[in-house]
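Residue numbers start from 1 in every chain, and the chains themselves are labelled A, B, ... in the order their sequence lines are given, proteins ahead of strands.
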2 protein chains.
Amino acid sequence: MKESTGGTRERIQAVALELFTEQGYEKTSLREIAERLNVTKAALYYHFKSKDEIVTSFVNDRLERIDELVAWAESQPPTRETRRELIAQYADTMFAGDHPSVMRFFEQNQTVLKSLAAGQQMRGRMMRLASELCRGDDSPRAQLRAALSLFAVHTSWFAVRTPHITDADRRKIALEVADELLARIGQPADDGTAPATEADGGTTPGSGPAARG
Amino acid sequence: MKESTGGTRERIQAVALELFTEQGYEKTSLREIAERLNVTKAALYYHFKSKDEIVTSFVNDRLERIDELVAWAESQPPTRETRRELIAQYADTMFAGDHPSVMRFFEQNQTVLKSLAAGQQMRGRMMRLASELCRGDDSPRAQLRAALSLFAVHTSWFAVRTPHITDADRRKIALEVADELLARIGQPADDGTAPATEADGGTTPGSGPAARG
DNA sequence: GTCTATAATTTGATAGAC
DNA sequence: GTCTATCAAATTATAGAC
């Protein structure tokens with residue numbers, strides 16, 4: 001909260017976030033972070049008492065933000081409108097704000113974050129967020145659709161490889177696709193049930209590419 | 001190919017795959033793998049000449065399998081039926097076979113795999129697979145839907161938290177949801193265009209939870 | 001606040017006996 | 001095929017000067 005340093009602490013956070021996201025948490029050493037900032041490792045330890053405390057430092061405000069979202073959603077009726085509003089607000093935390101990439105860091109470091117306290121907390125929060133998105137319909141389909149609607153927001157900007165697309169466009173498209181998924185939650189399976197197509201069978205032998213034993 | 005060892009090589013692969021997936025590639029040391037097998041590190045180096053060669057060893061057949069799928073898809077017309085068949089076959093490589101978890105390893109180690117040769121190859125293959133799933137419709141929406149249909153298969157078994165669900169059920173549900181997404185590809189945006197909802201605006205101020213600057 | 005210097009540990013990998 | 005012993009390098013973290 002105190003800016004006395006001249007923002008060195010913030011610069012460390014920024015560089016660490018970038019390198020952790022690009023290369024992974026474990027593969028990024030404190031030496032590398034220090035070199036990029038033209039300081040020594042010891043300087044880093046003045047600002048953060050350990051490597052994973054750097055992660056904790058930029059994770060906490062995200063946790064708060066998600067808690068706000070979940071708390072708000074719980075106060076609303078479990079309607080499609082609530083879900084639509086919830087995912088839209090969530091997308092804002094992804095595309096706007098000063099951390100458009102904190103969640104990307106999480107996506108890229110899921111495994112390592114299992115053993116980090118901050119990571120476990122975040123996992124829990126995302127679970128709750130997904131649960132909230134399918135409140136009132138705990139069918140497996142609904143759970144999967146809710147999770148995928150979050151993925152739609154997360155992956156929209158690397159899964160879409162159209163050349164000159166803007167962040168605003170990505171957000172818009174992500175929300176459109178997410179809304180398609182969320183719209184089917186809570187409905188009595190009118191089309192999403194796929195009654196008797198070939199999608200419920202086995203390997204559909206012979207019709208596809210060479211099936212190997 | 002030669003089984004003379006008594007399957008030690010295969011045991012190493014199995015344990016490594018498990019630990020890499022649970023803890024991450026970087027965080028899993030060769031010592032840990034060796035201890036779990038009650039052998040020494042040196043024994044590991046008899047079977048594999050480096051750590052990343054262990055990865056390569058169980059990645060290669062997956063690459064082949066995906067190449068087969070892509071090649072087959074390219075020989076087919078870019079119809080919904082082809083896409084449906086393609087994703088179903090892909091799901092089979094996820095849920096059946098002796099490696100139901102190799103793709104999970106990839107999902108959990110995306111970042112580290114950027115710097116591994118085998119990982120880069122796999123990334124390329126998955127890109128091609130996604131492209132194939134939206135062939136004939138290169139709109140951003142189609143690209144996102146195609147990617148999400150793959151995610152549906154990948155995440156179906158951890159995103160769905162229903163107590164006593166079987167793998168077969170997970171596969172079925174994943175394909176249903178994937179098919180919902182793929183069904184909208186190639187269509188002239190009849191519903192998926194979301195013409196003028198609130199999903200295209202900004203923060204929808206005031207209506208959602210407390211928006212912070 | 002930042003530095004030099006270094007401790008303490010771990011890691012991937014090799015050499016050579018059996 | 002597996003072992004003991006060891007290497008060279010890298011890593012997180014600390015101590016203390018300026």
Atom [atom1] of [X] to atom [atom2] of [N]: distance rounded to whole Å?
X: Gln23(B); N: dT11(C); atom1: CD; atom2: P; result: 11 Å
X: Arg9(B); N: dT2(D); atom1: CZ; atom2: P; result: 13 Å
X: Lys51(B); N: dA13(C); atom1: NZ; atom2: P; result: 8 Å
X: Ile33(A); N: dA13(D); atom1: CD1; atom2: C1'; result: 14 Å
X: Lys27(A); N: dA10(D); atom1: NZ; atom2: P; result: 13 Å
X: Tyr45(B); N: dT6(D); atom1: OH; atom2: P; result: 19 Å
X: Phe48(B); N: dT11(C); atom1: CZ; atom2: P; result: 20 Å
X: Leu30(B); N: dA13(C); atom1: CG; atom2: P; result: 6 Å

Distance check: side-chain N/O of [X] vs OP1/OP2 of [N], anything under 4.0 Å?
X: Thr40(B); N: dT4(D); value: no
X: Tyr46(A); N: dT2(C); value: no
X: Thr8(A); N: dT2(C); value: yes
X: Arg31(A); N: dT12(D); value: no

Run the numbers on Thr82(A) and Gln76(A) for side-chain hydrogen bond (donor to acceptor under 3.5 Å, both in side chains), then give the verdict. CA-CA 7 Å; Thr82(A) 298; Gln76(A) 300 294 116; 4.6 Å; no
Is the Phe58(A) ring parallel, tilted or perpendicular to the Phe20(A) ring (thresholds 30°, 60°)?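 Phe58(A) vs Phe20(A) ring planes: tilted.
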Please work out which of the three classes, parallel, tilted or perpendicular, describes the rings of Phe158(B) and Phe151(A), given edges at 30° and 60°.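 It falls in the perpendicular class, over 60°.
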Ser115(B)-Gln23(A) side chain donor-acceptor pair, cut-off 3.5 Å: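 Absent: no donor and acceptor within the cut-off.
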Could you check whether Ser131(B) and Arg161(A), counting side-chain N and O atoms only, form a donor-acceptor pair closer than 3.5 Å?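 Short answer, yes.
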Answer with base, sugar-phosphate or nothing: what part of the nucleic acid does Ser29(B) contact at a heavy-atom distance below 4.0 Å?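 Sugar-phosphate contact only - Ser29(B) comes under 4.0 Å of backbone atoms but never of a base.
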Within the 4.0 Å heavy-atom criterion, would you say Asp52(B) contacts the bases, only the backbone, or no part of the nucleic acid?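 Touches nothing.
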In terms of side-chain heavy atoms of Ala42(A), which of dA15(C), dG1(D), dC3(C) is nearest?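 The listed nucleotide nearest to Ala42(A)'s side chain is dC3(C).
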